[in-house]
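Some notes on the structure that comes next.
Computed from a prediction, not measured in an experiment: that's the story for all the values here.
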Amino acid sequence: QAQLVESGGDSVQPGESLTLSCRYSGFTLQYYAIAWFRQAPGKEREGVSCISLHRGWTKYADSVKGRFTMSRDDAKNTVYLQMNSLKPEDTAVYYCVSDFPLGYGSSCEGKSYEYDSWGQGTQVTVSS
């Protein structure tokens, strides 16, 4: 059974930076993708970034390209989302997800239904 636990959400001002962490267990990134999604009030879930090691890529939504960076620490079973130049429109609950156990999310196309394992989410608020 997969477990994903996010942390690091906070309230920040526009232009500031924030790093989210996701500690995962129960699966290995060698075979399964891991991704960040977000959901703002009244909006649909949006794929933010995704790592698929066996497909060999890391992908980002156009809305965050150049500002967000996703990385991993295999020794700690943890992935990170470094968010720079934050904007009010980045305000959302951020979820760490994996396509474990079915493995349908390796294309990293930001389709939430392809990911079966979800964390509880962490709130990011960007406001002056």
Side-chain angles (χ1 to χ4, degrees):
Q1 183 178 358
Q3 287 192 325
L4 303 104
V5 181
E6 307 94 335
S7 61
D10 204 350
S11 294
V12 297
Q13 294 190 347
E16 292 187 338
S17 298
L18 196 62
T19 300
L20 305 182
S21 300
C22 170
R23 182 168 175 83
Y24 62 90
S25 62
F27 63 97
T28 172
L29 295 188
Q30 286 185 324
Y31 304 113
Y32 297 98
I34 192 163
W36 288 95
F37 276 73
R38 67 185 181 185
Q39 188 166 24
K43 294 188 177 181
E44 294 187 355
R45 285 177 178 173
E46 176 190 19
V48 175
S49 64
C50 175
I51 290 176
S52 174
L53 292 184
H54 61 285
R55 296 293 288 271
W57 53 48
T58 302
K59 294 186 178 181
Y60 298 92
D62 289 342
S63 57
V64 306
K65 277 181 183 176
R67 299 188 299 124
F68 289 13
T69 302
M70 187 174 180
S71 62
R72 72 186 203 275
D73 184 334
D74 296 337
K76 295 182 178 180
N77 276 16
T78 300
V79 296
Y80 304 95
L81 185 66
Q82 171 69 42
M83 305 184 291
N84 297 328
S85 303
L86 282 162
K87 305 175 181 180
E89 51 264 44
D90 294 319
T91 296
V93 177
Y94 283 71
Y95 298 92
C96 182
V97 309
S98 172
D99 64 352
F100 176 90
L102 298 179
Y104 290 159
S106 63
S107 61
C108 288
E109 294 179 347
K111 299 174 182 175
S112 60
Y113 58 82
E114 293 180 336
Y115 299 88
D116 298 301
S117 300
W118 289 70
Q120 82 286 351
T122 187
Q123 176 71 47
V124 173
T125 302
V126 185
S127 174
S128 55

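Between Ala33 and Ser52, the shortest heavy-atom contact is CB-CB, 4.3 Å. Across all their heavy atoms, Val93 and Gly121 have their closest contact at CG1-CA, 3.8 Å. For Glu114 against Asp99, the heavy-atom pair with the smallest separation is O-CB, 3.5 Å. For the pair Tyr115 and Gly105, the tightest heavy-atom approach, listed with the atom from each and the gap, is OH-O, 2.9 Å.
In this structure, CZ on Arg38 lies 10.0 Å from OG on Ser49, to the nearest 0.5 angstrom. In this structure, the separation between OG on Ser71 and CD1 on Ile51 is 7.0 Å, given to the nearest 0.5 Å. Taking OG1 of Thr91 as the start and NZ of Lys43 as the end, the distance is 9.5 Å to the nearest 0.5 Å.
Counted by atom type alone, Arg55 and Ser106 present one or more donor-acceptor pairs between their side chains at under 3.5 Å. Side-chain N/O atoms of Glu46 and Ser63 include a donor and acceptor closer than 3.5 Å.
Within the 3.5 Å criterion, the main-chain N or O of Ser128 finds no donor-acceptor partner in the side chain of Gln13. Under the 3.5 Å distance criterion, the side-chain polar atoms of Lys59 are matched with a main-chain donor or acceptor of Ser107. Within the 3.5 Å criterion, the main-chain N or O of Gly9 finds no donor-acceptor partner in the side chain of Tyr94. Judged by distance alone, the side chain of Thr19 and the main-chain N or O of Leu81 form no donor-acceptor pair under 3.5 Å.
Put simply, the side chain of Thr69 does not reach to within 4.5 Å of the side chain of Tyr80, judged on heavy atoms. Considering only heavy atoms from C-beta on, Asp90 comes within 4.5 Å of Arg67 through its side chain. Put simply, the side chain of Met83 does not reach to within 4.5 Å of the side chain of Val12, judged on heavy atoms. In this structure, the side chains of Cys96 and Trp36 come closer than 4.5 Å at one or more pairs of heavy atoms. Side-chain contact check for Leu4 versus Ser117: some heavy-atom pair is nearer than 4.5 Å. Taking 4.5 Å as the limit, every side-chain heavy atom of Ser127 sits out of range of all side-chain heavy atoms of Ser11. Counting heavy atoms from C-beta outward, Ile34 and Leu29 have side chains that approach closer than 4.5 Å.
For Gln120, the CD atom is densely surrounded, since the number of other residues' heavy atoms within 6.0 Å is greater than 12. In the displayed structure, Glu16 atom CD is contacted under 6.0 Å by more than 12 heavy atoms of other residues, nucleotides or ligands.
Cluster annotation: Val48 is not connected to Val97 through the hydrophobic network of ILVMFWY side chains, with a link wherever side-chain heavy atoms come within less than 4.5 Å. Cluster membership check: Met70 shares its hydrophobic cluster with Val64, using side-chain heavy-atom separations under 4.5 Å among Ile, Leu, Val, Met, Phe, Trp and Tyr.
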task: Decide side-chain contact (heavy atoms from CB on, under 4.5 Å) for Tyr32 and Leu102; before the verdict, give the C-alpha distance in whole Å, the side-chain angles of both, and the deciding distance to 0.1 Å.
output: CA-CA 9 Å; Tyr32 297 98; Leu102 298 179; over 6 Å; no
With a 3.5 Å cut-off and sequence neighbours excluded, list the donor-acceptor pairs that the side chains of residues 20-28 form with protein atoms.
unit_1 : atom_1 : unit_2 : atom_2 : d
Arg23  : NH1    : Lys76  : O      : 2.5
Thr28  : OG1    : Gln30  : N      : 3.2

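Not counting sequence neighbours, the partners of Lys65 by the salt bridge (charged side-chain N to carboxylate O under 4.0 Å, His left out) test are Asp62. Annotation: ring-ring contact (aromatic ring centres under 6.0 Å, His included) contacts of Trp118 (sequence neighbours excluded): Phe37, Tyr95.
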